[in-house]
Amino acid sequence: MIEYDNVSKVFFKGDTRVHALQDVTLSIGAGELIAIVGPSGCGKSTLLNLTAGLMEPGLGEVRYEAETVTGVNTKVSYVTQKDNLLPWRTVEGNIRLPLELRRGAPLGRSEIRERIAASLKLVGLEGFERHYPSELSGGMRKRAQLAQALVCEPETLLMDEPFGALDAQLKLVLQAELLKAWEGSGKTLVFVTHDLAEAISIADRVVVMSARPGRIKTLQQIDIPRPRDVFSIRFTADFGRYFESLWDALRDDVVQLERG
Ligand SMILES: Nc1ncnc2c1ncn2[C@@H]1O[C@H](COP(=O)(O)OP(=O)(O)OP(=O)(O)O)[C@@H](O)[C@H]1O
Ligand SMILES: [Mg+2]
């Protein structure tokens with residue numbers, strides 16, 4: 001579904017040069033849930049931006065369904081790291097926005113209504129249609145963002161630290177809901193997170209990236225059967241083993257980053 005072929009990306013700003021990604025090669029299969037973890041600034045968001053076609057790699061190629069991504073990739077929905085709900089639109093208006101902006105034949109009114117209702121239900125925001133983003137809690141804003149991404153019925157969903165700023169309990173609740181919505185949907189999901197436990201709990205495979213320039217350090221298949229219970233999974237022996245070995249891969253880069 002998605003292929004990164006020796007992808008490198010360097011940003012230039014005046015005299016400074018930031019080497020964000022280096023030689024990233026990875027194939028993501030259709031219907032796969034892949035989690036990407038790595039220290040801050042290692043190029044995780046950049047990788048998603050490249051996948052969404054918001055920028056181009058300096059070297060290498062990003063392919064989506066075997067075609068090089070050269071412009072905005074309309075087959076993916078992207079829950080960006082920064083919350084970009086429009087404050088002057090209600091929840092319903094925000095969810096409707098991607099349908100208004102969509103290319104191709106416009107959808108009929110009843111289909112729009114049905115799709116919005118279905119995505120509100122999927123994320124558990126029924127009853128909050130008329131609320132404005134400022135009237136929502138942090139978790140509800142995340143749910144609204146997710147509904148906005150799902151309303152287009154994308155084949156692929158890119159999520160950038162969607163639950164990063166939430167408290168530990170709410171995170172688990174939303175992970176469980178996400179898994180419930182994803183399992184059996186056939187959708188490809190690329191999920192970026194700082195949280196190794198979150199990555200192992202939900203993913204088919206976990207990619208660990210190194211500190212900048214971001215390279216793939218480890219790629220680990222997570223053979224924990226589904227459906228998974230994110231609340232209890234972390235007490236299993238399998239989870240412990242994956243955590244230990246992946247933390248080994250991640251630790252040095254995180255510690256190094258913290259020490260500057
Ligand atoms: N549009 C841009 N212009 C210039 N530099 C950029 C741009 N986007 C990202 N960078 C730089 O590239 C590096 C990687 O950024 P990126 O946002 O991909 O990291 P990240 O892994 O998502 O970090 P975090 O976990 O903190 O979100 C950073 O040093 C950042 O400053
Ligand atoms: Mg980021």
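Just so you know, ligand 1 is whichever comes first in the structure, and atom 1 is the first atom listed for that ligand. Just so it is clear, the values below take in all heavy atoms, side chains as well, and ignore hydrogens, waters and symmetry mates.
A 6.0 Å sphere centred on CD of E67 holds no more than 12 heavy atoms belonging to other residues, nucleotides or ligands. Counted within 6.0 Å of CD on Q221, heavy atoms from surrounding residues, nucleotides or ligands total more than 12; the atom is thus considered enclosed.
For V151 against P98, the heavy-atom pair with the smallest separation is CG1-CG, 3.9 Å.
The only option from K142, Q148, R143 that meets the side-chain hydrogen bond (donor to acceptor under 3.5 Å, both in side chains) definition with Q145 turns out to be K142.
Screening residues 183-193 for side chain to side chain donor-acceptor pair (under 3.5 Å), with sequence neighbours left out, gives T193-E198.
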What pairs of donor and acceptor atoms, side-chain ones from residues 152-171 against any protein atom, are under 3.5 angstrom apart with sequence neighbours left out?
from	atom 1	to	atom 2	distance (Å)
E155	OE2	Y64	OH	2.9
T156	OG1	Y64	OH	2.7
D160	OD2	S45	OG	2.5
E161	OE1	H194	ND1	2.8
E161	OE2	H194	ND1	3.1
D167	OD1	Q169	N	3.0
D167	OD1	L170	N	2.9
K171	NZ	D195	OD2	2.7

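Contact of the T25 side chain with the Y4 side chain is not registered, since no non-hydrogen atoms from C-beta on lie closer than 4.5 Å. By the 4.5 Å heavy-atom criterion applied to side chains, F239 and R228 are not counted as neighbours.
Excluding waters, the set of protein N, O or S atoms lying under 2.8 Å from the Mg ion (ligand 2) comprises S45 OG, Q81 OE1.
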Candidate pair D253 and M209, rule side-chain contact (heavy atoms from CB on, under 4.5 Å), full reasoning: CA-CA 9 Å; D253 289 285; M209 293 185 64; over 6 Å; no
Sub-3.5 Å pairs, protein N or O with ligand 1 N or O:
from	atom 1	to	atom 2	distance (Å)
ligand 1	18 (O)	S45	N	3.4
ligand 1	18 (O)	T46	N	2.9
ligand 1	18 (O)	T46	OG1	2.5
ligand 1	19 (O)	G43	N	3.4
ligand 1	21 (O)	C42	N	3.1
ligand 1	21 (O)	G43	N	3.0
ligand 1	21 (O)	K44	N	2.9
ligand 1	21 (O)	K44	NZ	2.9
ligand 1	22 (O)	S45	N	2.9
ligand 1	22 (O)	S45	OG	2.8
ligand 1	23 (O)	G41	N	2.8
ligand 1	25 (O)	K44	NZ	2.7
ligand 1	25 (O)	E161	OE2	3.3
ligand 1	25 (O)	H194	NE2	3.3
ligand 1	26 (O)	S40	OG	2.5
ligand 1	27 (O)	Q81	OE1	3.0
ligand 1	27 (O)	Q81	NE2	2.9
ligand 1	29 (O)	R212	NH1	2.8

